[in-house]
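Here the structure comes first, spelled out in structure tokens, and everything after it is commentary.
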Amino acid sequence: MKKALFAFGVVAILAGSAAPAQAADKYHGYPELAAHEVEGKDYRLVQRFPREAQAAHIAIHGGAIEAPTTQLADHAAKTGDHAFYSFEGIKPAGNSDLHLTATRFNEPKGVGLVAKVGYTVSWHGASGTEATTYVGGRDAALIRAVTARLRTAGFRVATSVPEEIGGDSSRNIANRNLRHRGVQLELSKGQREQFFKDGKLARSWIENPANRTPAFYRYTAAVNHALASVLARPGR
């Protein structure tokens, strides 16, 4: 019995290292959230859609919910001429209340933007002190390309993705594009800390580009190179 309990504990600890960065959702969907939180005061919606964009970088847990996913998605979109969307928590405290799980994320502007493109990269934060990325989703070709590019750029990519952050549900916002398959990037806290000087992830710190490290740019470039390689394939 003691051995069984010990084994269960080890599994729980390992699973916890790859858990979502936030706890269970307070709200069951955007309509309920919008009824209790104030846009422009508690959260904000940011989006861009360049003409003929084929891919989108999104951060549905942006701002101070899962920092710095907004900044990563924003920079990747700008440098790749892709669409961009972010739901940002901007409360002084308690931004975890604004977390909506990807399978129930139904903010209309975000859903509408993703529905217009064929490729999606959804940026998320996971727990864990070791610098690691979990690459999930339903787009097998893009998953392979992103994994290869990140590893070539010197970043650790997990060989397996825990079910709770796998991103393979058809209801996941990442997979609600024109092709019904996208990629979900879950970056551990240890990985995200490497993108900013002194490892700080406070909102005021990450919003200043001067605090970014070379790893920030190397990482986003690797993801965009993967996207470009897939978009360039004939008959994709």
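- With sequence neighbours left out, E39 forms a salt bridge (charged side-chain N to carboxylate O under 4.0 Å, His left out) with no residue at all.
- In this structure, the side chain to side chain contact (heavy atoms under 4.5 Å, CB included) partners of K116, at least two apart in sequence or on a different chain, are F49.
- Put simply, the side chain of L150 reaches to within 4.5 Å of the side chain of T133, judged on heavy atoms.
- Listed by chain and residue number, A210, N211 satisfy the side chain to side chain contact (heavy atoms under 4.5 Å, CB included) test with N208 (two or more places apart in sequence, or in another chain).
- Proximity of L142 to L227: side-chain heavy atoms (C-beta onward) are separated by under 4.5 Å at one or more points.
- No side-chain donor-acceptor contact under 3.5 Å links T132 to the backbone of G128.
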From CA spacing to verdict: side-chain contact (heavy atoms from CB on, under 4.5 Å), H124, I165: CA-CA 9 Å; H124 295 259; I165 57 173; over 6 Å; no

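- Applying the side chain to side chain donor-acceptor pair (under 3.5 Å) definition to pairs two or more places apart or across chains, none involves residues 146-155.
- Taking the side chain to side chain contact (heavy atoms under 4.5 Å, CB included) definition, one finds that A215 meets it with F155, F195, T213, R218, sequence neighbours left out.
- Residues that satisfy the ring pair (Phe, Tyr, Trp, His ring centres under 6.0 Å) test with H225, not counting sequence neighbours, are absent from this structure.
- Taking Ile, Leu, Val, Met, Phe, Trp and Tyr as hydrophobic and joining them when side-chain heavy atoms fall under 4.5 Å apart, one finds V38 isolated, its cluster having no other members.
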Using the side chain to side chain donor-acceptor pair (under 3.5 Å) rule, take Q54 and E52 through it: C-alpha gap first, then chi angles, then the decisive distance, then the call. CA-CA 6 Å; Q54 297 176 292; E52 299 181 359; over 6 Å; no

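- Applying the side chain to side chain contact (heavy atoms under 4.5 Å, CB included) criterion to T103, with sequence neighbours excluded, gives T101, S169, R171, N172.
- Remark: R181 does not engage D168 in a salt bridge, criterion side-chain N to carboxylate O under 4.0 Å.
- Every pair passing side chain to side chain donor-acceptor pair (under 3.5 Å) that includes a residue from residues 81-94 is listed here, sequence neighbours excluded: E37-K91, R44-E88, T70-S86, Y85-E107.
- No donor-acceptor pair under 3.5 Å is formed between the side chain of H61 and the backbone N or O of T69.
- Distance alone, capped at 3.5 Å, places no donor-acceptor pair between the S188 side chain and the T129 backbone.
- Contacts of R104 classified as salt bridge (charged side-chain N to carboxylate O under 4.0 Å, His left out), with partners at least two apart in sequence or in another chain: D25.
- Residues passing the salt bridge (charged side-chain N to carboxylate O under 4.0 Å, His left out) test with K109, sequence neighbours excluded: none.
- A heavy-atom distance below 4.5 Å is found between the side chains of E66 and H99.
- Separation of atoms CD (E32) and OH (Y27) is listed at 7.5 Å; rounding is to 0.5 Å.
- Every ring pair (Phe, Tyr, Trp, His ring centres under 6.0 Å) that Y43 has, sequence neighbours left out, goes to F87.
- No side-chain donor-acceptor contact under 3.5 Å links D97 to the backbone of K26.
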Could you walk me through whether L100 and Y30 pass the side-chain contact (heavy atoms from CB on, under 4.5 Å) check? CA-CA 8 Å; L100 293 175; Y30 178 73; 4.2 Å; yes

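- In this structure a side-chain-to-backbone donor-acceptor pair under 3.5 Å is missing from N177 to A115.
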